[in-house]
Peer 1: 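One structure is given below, represented as C-alpha coordinates, and several questions about it will come after.
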Amino acid sequence: MPELPEVETVRRRLEPSLMGAIVRDVVLSLPRLLEGAEPRDLDVLRGLACRKLERQGKYLILRFGEGRGERVLVVHLGMSGQLTWKGPGQAVQDEFRRLPSGLAMPIGPHSVDRHTHFRVVFDAGGELLFRDPRTFGRLLLCRPSTLDAQPRLVRLGPDALGVAEEVFIERWKEFRGVRSAKAILLDQGFLAGVGNIYADEACHEAGIRPGVRSSTLAVARIGALARAVQSVLERGLANCGTTFRDFVHPDGSKGGNQEDLRVYARAGLPCLACGTVLRKGVVAGRGTTWCPRCQS
DNA sequence: AATTCGCCCTGTCGGC
DNA sequence: TGCCGACAGGGCGAAT
(Lines give C-alpha, C1' and ligand atoms only; values in the text may rest on other atoms or scores of the structure.)
Protein backbone atom coordinates (compact mmCIF):
# COMPACT_ATOMS: atom_id res chain seq x y z
CA MET A 1 0.00 0.00 0.00
CA PRO A 2 2.38 2.64 -1.16
CA GLU A 3 1.19 6.07 -0.06
CA LEU A 4 2.80 9.46 -0.43
CA PRO A 5 5.96 8.79 1.65
CA GLU A 6 6.58 5.48 -0.11
CA VAL A 7 6.10 6.91 -3.60
CA GLU A 8 8.28 9.92 -2.78
CA THR A 9 10.96 7.56 -1.47
CA VAL A 10 10.85 5.62 -4.73
CA ARG A 11 11.00 8.87 -6.70
CA ARG A 12 14.06 10.11 -4.85
CA ARG A 13 15.89 6.82 -5.15
CA LEU A 14 15.13 6.30 -8.84
CA GLU A 15 15.97 9.84 -9.86
CA PRO A 16 19.78 9.55 -10.01
CA SER A 17 19.64 6.35 -12.05
CA LEU A 18 16.92 7.37 -14.48
CA MET A 19 17.88 10.95 -15.18
CA GLY A 20 19.23 11.26 -18.70
CA ALA A 21 18.90 7.54 -19.41
CA ILE A 22 17.75 6.77 -22.97
CA VAL A 23 15.01 4.24 -23.54
CA ARG A 24 16.02 1.27 -25.66
CA ASP A 25 12.97 -0.90 -25.22
CA VAL A 26 9.69 -1.08 -23.36
CA VAL A 27 8.06 -4.39 -22.54
CA LEU A 28 4.51 -4.67 -21.23
CA SER A 29 3.42 -8.20 -20.48
CA LEU A 30 0.10 -7.41 -18.79
CA PRO A 31 -1.67 -5.04 -21.21
CA ARG A 32 -4.61 -4.22 -18.95
CA LEU A 33 -2.30 -2.29 -16.61
CA LEU A 34 -1.99 0.39 -19.27
CA GLU A 35 -4.84 2.90 -19.45
CA GLY A 36 -5.63 5.45 -22.13
CA ALA A 37 -3.21 4.03 -24.67
CA GLU A 38 -2.50 0.88 -26.62
CA PRO A 39 0.50 -1.23 -25.62
CA ARG A 40 2.20 -0.51 -28.97
CA ASP A 41 1.97 3.22 -28.20
CA LEU A 42 4.70 2.65 -25.62
CA ASP A 43 7.13 2.30 -28.52
CA VAL A 44 7.21 6.11 -28.86
CA LEU A 45 9.36 6.13 -25.73
CA ARG A 46 12.20 4.40 -27.59
CA GLY A 47 15.12 6.74 -28.09
CA LEU A 48 13.80 9.32 -25.64
CA ALA A 49 15.79 10.40 -22.60
CA CYS A 50 14.24 10.49 -19.16
CA ARG A 51 14.15 14.17 -18.22
CA LYS A 52 12.24 14.45 -14.99
CA LEU A 53 10.76 12.43 -12.16
CA GLU A 54 7.82 14.00 -10.41
CA ARG A 55 5.14 12.92 -8.00
CA GLN A 56 1.58 13.96 -7.51
CA GLY A 57 -0.07 12.29 -4.54
CA LYS A 58 0.52 8.58 -5.02
CA TYR A 59 1.30 8.95 -8.72
CA LEU A 60 4.84 8.84 -10.04
CA ILE A 61 5.29 10.94 -13.17
CA LEU A 62 8.17 10.20 -15.55
CA ARG A 63 8.84 12.69 -18.33
CA PHE A 64 10.67 11.56 -21.47
CA GLY A 65 12.03 13.52 -24.42
CA GLU A 66 11.46 17.19 -25.09
CA GLY A 67 9.55 19.57 -27.31
CA ARG A 68 6.78 18.14 -29.47
CA GLY A 69 7.94 14.61 -28.85
CA GLU A 70 7.76 14.81 -25.07
CA ARG A 71 5.83 11.98 -23.48
CA VAL A 72 4.73 11.30 -19.94
CA LEU A 73 4.57 7.91 -18.29
CA VAL A 74 2.51 7.84 -15.12
CA VAL A 75 2.84 4.98 -12.65
CA HIS A 76 0.49 4.16 -9.79
CA LEU A 77 1.76 1.36 -7.58
CA GLY A 78 -1.69 0.28 -6.44
CA MET A 79 -1.30 -1.77 -3.31
CA SER A 80 1.47 -4.18 -4.20
CA GLY A 81 3.40 -2.45 -6.99
CA GLN A 82 7.18 -2.43 -6.78
CA LEU A 83 9.56 -0.43 -8.96
CA THR A 84 13.12 -1.66 -8.81
CA TRP A 85 16.23 -0.57 -10.65
CA LYS A 86 18.75 -2.97 -12.11
CA GLY A 87 21.97 -1.16 -12.91
CA PRO A 88 24.02 -1.98 -16.01
CA GLY A 89 25.62 -5.36 -15.54
CA GLN A 90 24.13 -5.70 -12.09
CA ALA A 91 23.12 -9.26 -11.38
CA VAL A 92 19.49 -9.85 -10.63
CA GLN A 93 18.43 -11.52 -7.44
CA ASP A 94 16.39 -14.62 -7.83
CA GLU A 95 15.87 -14.79 -4.13
CA PHE A 96 12.79 -13.36 -2.54
CA ARG A 97 12.66 -12.53 1.13
CA ARG A 98 9.68 -13.94 3.02
CA LEU A 99 8.07 -11.26 5.11
CA PRO A 100 6.31 -12.12 8.39
CA SER A 101 3.08 -11.51 6.48
CA GLY A 102 4.12 -14.29 4.15
CA LEU A 103 4.39 -12.30 0.95
CA ALA A 104 7.58 -12.57 -1.03
CA MET A 105 9.64 -9.44 -1.48
CA PRO A 106 12.70 -9.08 -3.70
CA ILE A 107 15.99 -8.76 -1.86
CA GLY A 108 17.57 -6.69 -4.61
CA PRO A 109 16.66 -5.83 -8.18
CA HIS A 110 14.51 -8.81 -8.87
CA SER A 111 14.56 -11.07 -11.86
CA VAL A 112 11.63 -11.13 -14.23
CA ASP A 113 9.13 -13.43 -12.61
CA ARG A 114 5.46 -13.99 -13.34
CA HIS A 115 4.52 -10.85 -11.43
CA THR A 116 6.85 -8.59 -13.39
CA HIS A 117 4.46 -6.96 -15.83
CA PHE A 118 6.43 -4.03 -17.19
CA ARG A 119 10.07 -3.28 -17.98
CA VAL A 120 11.88 -0.30 -19.41
CA VAL A 121 15.32 -1.15 -20.76
CA PHE A 122 17.79 1.70 -21.17
CA ASP A 123 20.68 2.13 -23.59
CA ALA A 124 23.39 1.88 -20.97
CA GLY A 125 21.96 -1.45 -19.85
CA GLY A 126 20.00 -0.30 -16.83
CA GLU A 127 16.48 -1.60 -16.37
CA LEU A 128 13.40 -0.34 -14.60
CA LEU A 129 11.26 -3.25 -13.44
CA PHE A 130 7.65 -3.04 -12.39
CA ARG A 131 6.38 -5.94 -10.35
CA ASP A 132 2.84 -6.11 -9.01
CA PRO A 133 1.38 -9.37 -7.66
CA ARG A 134 -2.10 -7.97 -7.07
CA THR A 135 -2.19 -5.95 -10.26
CA PHE A 136 -3.95 -2.94 -8.74
CA GLY A 137 -1.18 -0.77 -10.16
CA ARG A 138 -1.74 1.30 -13.30
CA LEU A 139 0.31 2.82 -16.09
CA LEU A 140 -0.72 5.85 -18.14
CA LEU A 141 0.96 7.21 -21.23
CA CYS A 142 0.15 10.65 -22.57
CA ARG A 143 1.46 13.90 -23.95
CA PRO A 144 2.35 16.58 -21.38
CA SER A 145 -0.49 18.79 -22.61
CA THR A 146 -3.09 16.18 -21.66
CA LEU A 147 -1.52 15.11 -18.37
CA ASP A 148 -3.72 17.21 -16.12
CA ALA A 149 -6.81 16.05 -17.99
CA GLN A 150 -6.11 12.36 -17.43
CA PRO A 151 -9.17 10.87 -15.72
CA ARG A 152 -7.15 9.60 -12.78
CA LEU A 153 -5.35 12.88 -12.22
CA VAL A 154 -7.94 15.49 -13.03
CA ARG A 155 -9.74 15.31 -9.70
CA LEU A 156 -6.66 15.15 -7.48
CA GLY A 157 -6.49 17.70 -4.71
CA PRO A 158 -3.25 19.47 -3.75
CA ASP A 159 -0.39 17.24 -2.72
CA ALA A 160 -0.76 16.40 0.96
CA LEU A 161 2.90 17.00 1.74
CA GLY A 162 3.48 20.59 2.69
CA VAL A 163 -0.11 21.77 2.45
CA ALA A 164 -0.64 24.85 4.60
CA GLU A 165 -2.85 24.51 7.66
CA GLU A 166 -5.20 27.27 6.46
CA VAL A 167 -5.59 25.53 3.10
CA PHE A 168 -6.31 22.25 4.86
CA ILE A 169 -8.98 23.88 7.01
CA GLU A 170 -10.62 25.66 4.07
CA ARG A 171 -10.73 22.49 2.02
CA TRP A 172 -12.09 20.56 4.99
CA LYS A 173 -14.97 23.01 5.20
CA GLU A 174 -15.69 22.38 1.51
CA PHE A 175 -15.51 18.62 1.73
CA ARG A 176 -17.00 17.91 5.15
CA GLY A 177 -20.43 16.38 5.47
CA VAL A 178 -21.95 13.26 6.95
CA ARG A 179 -18.87 11.39 5.81
CA SER A 180 -16.39 10.34 8.48
CA ALA A 181 -13.18 12.24 9.12
CA LYS A 182 -11.23 9.30 7.75
CA ALA A 183 -13.30 9.28 4.56
CA ILE A 184 -12.26 12.89 3.95
CA LEU A 185 -8.59 12.08 4.57
CA LEU A 186 -8.75 9.17 2.13
CA ASP A 187 -10.48 11.28 -0.52
CA GLN A 188 -7.74 12.03 -3.07
CA GLY A 189 -9.78 15.02 -4.23
CA PHE A 190 -9.40 16.58 -0.78
CA LEU A 191 -5.66 16.03 -0.56
CA ALA A 192 -3.60 13.70 -2.71
CA GLY A 193 -1.36 11.11 -1.14
CA VAL A 194 -2.93 10.01 2.15
CA GLY A 195 -3.88 6.32 2.32
CA ASN A 196 -5.07 3.93 4.98
CA ILE A 197 -1.91 3.77 7.09
CA TYR A 198 -1.22 7.49 7.35
CA ALA A 199 -4.92 8.33 7.77
CA ASP A 200 -5.10 6.14 10.89
CA GLU A 201 -1.80 7.48 12.18
CA ALA A 202 -2.86 11.10 11.67
CA CYS A 203 -6.20 10.58 13.41
CA HIS A 204 -4.45 9.06 16.40
CA GLU A 205 -1.89 11.83 16.61
CA ALA A 206 -4.66 14.44 16.45
CA GLY A 207 -6.81 12.63 19.03
CA ILE A 208 -9.68 12.27 16.59
CA ARG A 209 -11.75 9.13 16.09
CA PRO A 210 -11.59 8.12 12.45
CA GLY A 211 -15.33 7.48 12.43
CA VAL A 212 -16.50 10.89 13.67
CA ARG A 213 -18.73 12.79 11.30
CA SER A 214 -16.44 15.21 9.48
CA SER A 215 -18.89 18.09 9.85
CA THR A 216 -18.73 17.95 13.65
CA LEU A 217 -15.05 18.91 14.00
CA ALA A 218 -14.36 22.38 15.39
CA VAL A 219 -11.79 24.46 13.54
CA ALA A 220 -9.18 23.95 16.25
CA ARG A 221 -9.46 20.18 15.81
CA ILE A 222 -9.29 20.45 12.02
CA GLY A 223 -6.08 22.42 12.52
CA ALA A 224 -4.72 19.73 14.83
CA LEU A 225 -5.52 17.14 12.17
CA ALA A 226 -3.76 19.26 9.53
CA ARG A 227 -0.60 19.33 11.65
CA ALA A 228 -0.88 15.62 12.41
CA VAL A 229 -1.10 14.76 8.71
CA GLN A 230 2.10 16.72 8.05
CA SER A 231 3.80 15.14 11.00
CA VAL A 232 3.02 11.53 10.09
CA LEU A 233 3.88 12.06 6.42
CA GLU A 234 7.19 13.72 7.30
CA ARG A 235 8.05 10.95 9.73
CA GLY A 236 7.16 8.34 7.12
CA LEU A 237 9.39 10.08 4.63
CA ALA A 238 12.25 10.46 7.11
CA ASN A 239 11.96 6.71 7.72
CA CYS A 240 12.00 6.07 3.96
CA GLY A 241 8.49 4.66 3.91
CA THR A 242 6.53 1.92 5.61
CA THR A 243 7.18 -1.66 4.55
CA PHE A 244 4.24 -3.59 5.83
CA ARG A 245 3.59 -6.04 3.07
CA ASP A 246 5.01 -5.37 -0.32
CA PHE A 247 6.67 -2.00 -0.41
CA VAL A 248 10.33 -2.04 -1.39
CA HIS A 249 12.87 0.58 -2.37
CA PRO A 250 14.22 0.53 -5.92
CA ASP A 251 17.24 -1.39 -4.61
CA GLY A 252 15.04 -3.95 -2.90
CA SER A 253 15.57 -2.73 0.65
CA LYS A 254 12.83 -2.06 3.17
CA GLY A 255 11.43 1.13 4.62
CA GLY A 256 11.75 1.80 8.33
CA ASN A 257 8.51 3.49 9.27
CA GLN A 258 6.71 0.27 10.25
CA GLU A 259 8.69 0.50 13.51
CA ASP A 260 7.21 3.93 14.18
CA LEU A 261 3.53 3.21 13.57
CA ARG A 262 1.38 3.99 16.60
CA VAL A 263 -1.95 2.40 15.62
CA TYR A 264 -1.91 0.83 12.16
CA ALA A 265 -1.81 -2.97 12.42
CA ARG A 266 -1.63 -2.72 16.23
CA ALA A 267 -5.24 -3.61 17.02
CA GLY A 268 -5.48 -5.49 20.31
CA LEU A 269 -2.14 -4.10 21.49
CA PRO A 270 -1.86 -1.34 24.09
CA CYS A 271 -1.94 2.27 22.94
CA LEU A 272 1.61 3.62 23.12
CA ALA A 273 0.28 6.83 24.66
CA CYS A 274 -2.11 5.55 27.35
CA GLY A 275 -1.99 1.75 27.41
CA THR A 276 -5.63 1.22 26.50
CA VAL A 277 -6.19 -1.71 24.13
CA LEU A 278 -6.49 -0.41 20.56
CA ARG A 279 -9.78 -1.15 18.82
CA LYS A 280 -10.35 -2.23 15.27
CA GLY A 281 -13.34 -1.68 13.04
CA VAL A 282 -14.34 -0.67 9.54
CA VAL A 283 -14.51 3.03 8.71
CA ALA A 284 -14.97 4.37 5.19
CA GLY A 285 -14.83 0.78 4.02
CA ARG A 286 -11.29 0.27 5.30
CA GLY A 287 -9.82 -1.61 8.22
CA THR A 288 -9.30 1.02 10.89
CA THR A 289 -7.53 1.03 14.24
CA TRP A 290 -7.88 3.63 16.96
CA CYS A 291 -7.50 4.21 20.69
CA PRO A 292 -10.89 4.45 22.41
CA ARG A 293 -9.37 6.64 25.12
CA CYS A 294 -7.03 9.01 23.28
CA GLN A 295 -9.33 9.58 20.33
CA SER A 296 -12.76 11.16 20.57
C1' DA B 1 -26.38 15.39 -5.10
C1' DA B 2 -23.90 13.02 -1.77
C1' DT B 3 -22.47 8.81 -0.07
C1' DT B 4 -21.88 3.92 0.27
C1' DC B 5 -20.96 -0.39 -1.75
C1' DG B 6 -19.21 -3.93 -4.77
C1' DC B 7 -15.72 -5.12 -7.74
C1' DC B 8 -11.12 -5.82 -9.55
C1' DC B 9 -6.89 -9.26 -8.18
C1' DT B 10 -3.58 -12.36 -5.83
C1' DG B 11 -1.74 -14.56 -1.91
C1' DT B 12 -2.01 -15.81 2.88
C1' DC B 13 -4.21 -17.26 7.00
C1' DG B 14 -7.51 -19.34 10.10
C1' DG B 15 -11.23 -22.49 10.73
C1' DC B 16 -13.28 -26.86 10.06
C1' DT C 1 -4.17 -32.47 4.91
C1' DG C 2 -7.04 -29.82 2.14
C1' DC C 3 -10.64 -26.89 1.00
C1' DC C 4 -12.84 -22.42 1.50
C1' DG C 5 -14.07 -18.05 3.09
C1' DA C 6 -12.18 -13.83 4.93
C1' DC C 7 -9.06 -10.29 4.51
C1' DA C 8 -5.88 -6.84 2.61
C1' DG C 9 -6.88 -2.38 -0.16
C1' DG C 10 -6.88 2.22 -4.18
C1' DG C 11 -9.91 3.79 -7.15
C1' DC C 12 -13.89 3.63 -9.94
C1' DG C 13 -18.58 3.00 -11.39
C1' DA C 14 -23.12 1.44 -9.93
C1' DA C 15 -26.63 1.60 -6.70
C1' DT C 16 -29.04 4.01 -3.10
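Below, read A as the first sequence line, B as the second, and so on, with proteins coming before strands; counting in each chain starts at 1.
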Peer 1: State whether the aromatic ring of A:Phe136 stacks on the base of C:dG9, taking stacking to mean ring centres under 5.5 Å apart and ring planes under 30° to each other.
Peer 2: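 Yes, aromatic ring over the base.
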
Peer 1: On the nucleotide C:dG10, are OP1 or OP2 found under 4.0 Å from the side-chain N or O atoms that A:Arg286 carries?
Peer 2: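 The answer is yes; a side-chain N or O of A:Arg286 sits under 4.0 Å from OP1 or OP2.
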
Peer 1: A:Cys203 and side-chain contact (heavy atoms from CB on, under 4.5 Å): which single residue from A:Pro210, A:Cys291, A:Cys294 fits?
Peer 2: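 It is A:Pro210; the other options fail the test.
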
Peer 1: Base, sugar-phosphate alone, or nothing: which one does A:Arg32 contact when heavy atoms must sit under 4.0 Å apart?
Peer 2: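 Contact class for A:Arg32: sugar-phosphate only.
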
Peer 1: Given B:dT4, is OP1 or OP2 found less than 4.0 Å from the side-chain N or O atoms of A:Lys182?
Peer 2: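 Indeed not, no polar side-chain atom of A:Lys182 lies that close.
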
Peer 1: Heavy atoms only, 4.0 Å cut-off, all strands: where does A:Gly177 land among base, sugar-phosphate and nothing?
Peer 2: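 Sugar-phosphate, no base atom in range.
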
Peer 1: Considering just the side-chain nitrogens and oxygens of A:His115, establish if one lies under 4.0 Å of OP1 or OP2 belonging to B:dT10.
Peer 2: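 For B:dT10, OP1/OP2 do not have a side-chain N/O of A:His115 under 4.0 Å.
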
Peer 1: Over how many whole Å does the gap from A:Arg134 atom CZ to C:dA8 atom C1' extend?
Peer 2: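 Rounding to the nearest Å, CZ of A:Arg134 and C1' of C:dA8 are 6 Å apart.
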
Peer 1: Considering every strand and a 4.0 Å limit on heavy-atom distances, what is the contact class for A:Arg155: base, sugar-phosphate, or nothing?
Peer 2: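 Since no nucleic acid heavy atom lies under 4.0 Å of A:Arg155, the category is nothing.
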
Peer 1: Give a yes or no on whether the backbone of A:Glu6 and the side-chain of A:Arg11 come within a donor-acceptor separation of less than 3.5 Å.
Peer 2: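 It does not hold such a pair.
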
Peer 1: Just how far, in rounded Å, is C1' of C:dG11 from CD of A:Gln188?
Peer 2: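 Computing the A:Gln188:CD to C:dG11:C1' distance gives 9 Å.
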
Peer 1: Can you measure A:Leu185 atom CG to C:dG10 atom C1' for me and round it to whole angstrom units?
Peer 2: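 Computing the A:Leu185:CG to C:dG10:C1' distance gives 15 Å.
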
Peer 1: Under 4.0 angstrom, heavy atoms only, what part of the nucleic acid is A:Arg152 near: base, sugar-phosphate, or nothing?
Peer 2: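 The residue A:Arg152 makes sugar-phosphate contact but no base contact.
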
Peer 1: Rounded to whole angstroms, how far apart are CG on A:Asp187 and P on B:dA2?
Peer 2: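 Taking atom P of B:dA2 as the reference, CG of A:Asp187 is at 12 Å.
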
